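Shown next, in structure tokens, is the structure this report addresses.
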Amino acid sequence: MLVEMVALDLETTGLDPQRDSIIEIGAVRMRDGQVVDEYSQLVSPDVPLPREITDITGIRPEQLVGQPAIEDVLPQIVHFVADAPVIGHNVNFDMDFLARQGALRGNLRLDTAELAPVLMPAASRYSLGNLAAETGIALKEAHRALDDARATAGLNSQLWLKPLDLPLATLNEIVSAASGLAWSAEPVFRAALEARDLLSTPDVIRSTHGSTLFPPLQEGMPLLAPEDAPLPLDFEEIRQKLGEGGALARQLPGFRERPQQVQMAQEVVQAFNQGEHLMIEAGTGVGKSLAYLLPAARWSQVNSRRVIISTNTINLQEQLLNKDLPDMQMALSEPLRSTLLKGRGNYLCPRRFAALRRRKPVNQDELRLLCKLIVWLLENRSGDRSEISLRGPGERHVWSRLSAEDPLCSLERCRSEMKGSCPFFKARKSAECAHLVVVNHALLLADAASEHRVLPNYSSLILDEAQHLEEAVSEAFAFRLDERLLRLQLAELGSANSGVLGELLRASQGLVAAAVQERLKEMIDTIAEAATLLQHHAGRLFSSCRSFADDVGPPRNNYTMRLRIVPQ
Ligand code: SF4
């Protein structure tokens, strides 16, 4: 392990090292994990202090009056840091400001914002404040340089311990995948690997490869075989379960009969029996979930017909899955099969994941996500995206190429290869056998848009949180254009000498006849030319959008701006 390092943080007037100025420097020197010295200095900026920076940092313009200029402060910080490796949270941001001033250009940079996403795959967010809260590190005043540097130092000390517990095979794979990508987290994994060698720590063998990656599907769940003519529900049976002294009251302490809940259940029973549409507005405290779940469950059990329950929020899905459905099961004499089904994009595709591991990542977003997944899969085998946090659009883009949202996805093809262990395959199978399937509005709408190829057949649909449906429809059928993502995708495409197209041309050499190779090269040149043109037009499009936003929107700053255009 590195014995001496400096955690460093800057506050600045904005995000651009060319235009903006440093207003505060904080640094903490650590030796063998212990803080041995600290440095803190306010700096008088060359440009006015924007109001939003005062809002974020709490630093007021009058506090900067009379403070030294950056030229006078630089020798102090250069002396303080000397040649120690510099740790920061998004360290490149801070170091680029200092490098612009000609300071600390050659120091090794270590980034906790790169390490944390790999070593804390389930953290809810990767901001310094959030990571400090999740790891119990005190952060007195967020966005003040010394406090941020202290929190970074504490976070770093915790993160450095984690790689020491990873299996040797995992450390080796991470270090080998990082080769040639100048990743600022790589020295930590390399140091851990060397420390493990020196200490001869016993290795933990955990396989994260092939069909052992995820547990296999539990076979034997029967499919639903719907009755031709459905049998009507008996409301009296439902009323008794919801009533005073009924099955729910006997099982759930504090359960009381609620007349409005019983009335709502009666309306739902009638809608099922008559095949009618029903719209209900139920206020808080009615107990609406049980009022529709109980009739839906009995309808599905009695008639072997599946009911879909669609919600808008994850909170409600969790409440249904973790509380209401288990509560209700206690009131039913027959077993009820219920499950949550998410969109394909939520499940990791083991086939694509294995392909990335074989070919090795080509950029830092791929590398960081690959390492995060390898670490995550050591402990968690669900393959469900909701159990990890993805950092920024780059990681989200890579995930989309590793998820089950794959045009080549074929359950049949992977059945033997994955031996039924593919997370999407298992979720889909479990939904095909379930009486009640909980989904979100987005997935329901994706099913509607794809001629019902997303969800298993169902006979009835319950929309909870239906007031959000209109918004969900706008979201589901929206068209999105992301400048960074578009440029990233076009750059990945490359040309005859680089990127995916270059790889394709190289891979085809010797495999196809010379004439075919020549034709392929021509096609690749045409595609690359079109991609360059597209980059040019995209640049003009986004620049027009920015001008439009400048003309009609609020004053522009460096942060996200939202402009909603509505008809007059
Ligand atoms: S079934 Fe689809 S998601 Fe699963 S491994 Fe095969 S391609 Fe990937």
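Ligands are counted one by one from 1 in listed order, and the atoms in each one are counted from 1 as well. Residues take their numbers from the sequence shown, with the count starting at 1. Everything quoted here is computed from the prediction, not taken from an experiment. All heavy atoms count here, side chains included; hydrogens, waters and symmetry mates do not.
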Residue Cys422, metal atom 8 (Fe) of ligand 1, N/O/S under 2.8 Å
no
What I'd like to find out is whether the side chain of Leu390 reaches to under 4.5 Å of the side chain of Val398, using heavy atoms alone.
no
Please identify which atoms of ligand 1 are closer than 4.0 Å to at least one heavy atom of Ala404.
3 (S)
Under the side-chain contact (heavy atoms from CB on, under 4.5 Å) test, residues paired with Ala449 that sit two or more places apart:
Phe477
Which atoms of ligand 1 are found less than 4.0 Å from any heavy atom of Pro350?
5 (S)
Does the plane of the ring in Phe424 sit parallel, tilted or perpendicular to the ring in Tyr347? Use 30° and 60° as the thresholds.
tilted
For Leu332, side-chain contact (heavy atoms from CB on, under 4.5 Å) partners two or more places apart
Lys241, Leu294, Ala297, Arg298, Gln301, Met328, Gln329, Leu336
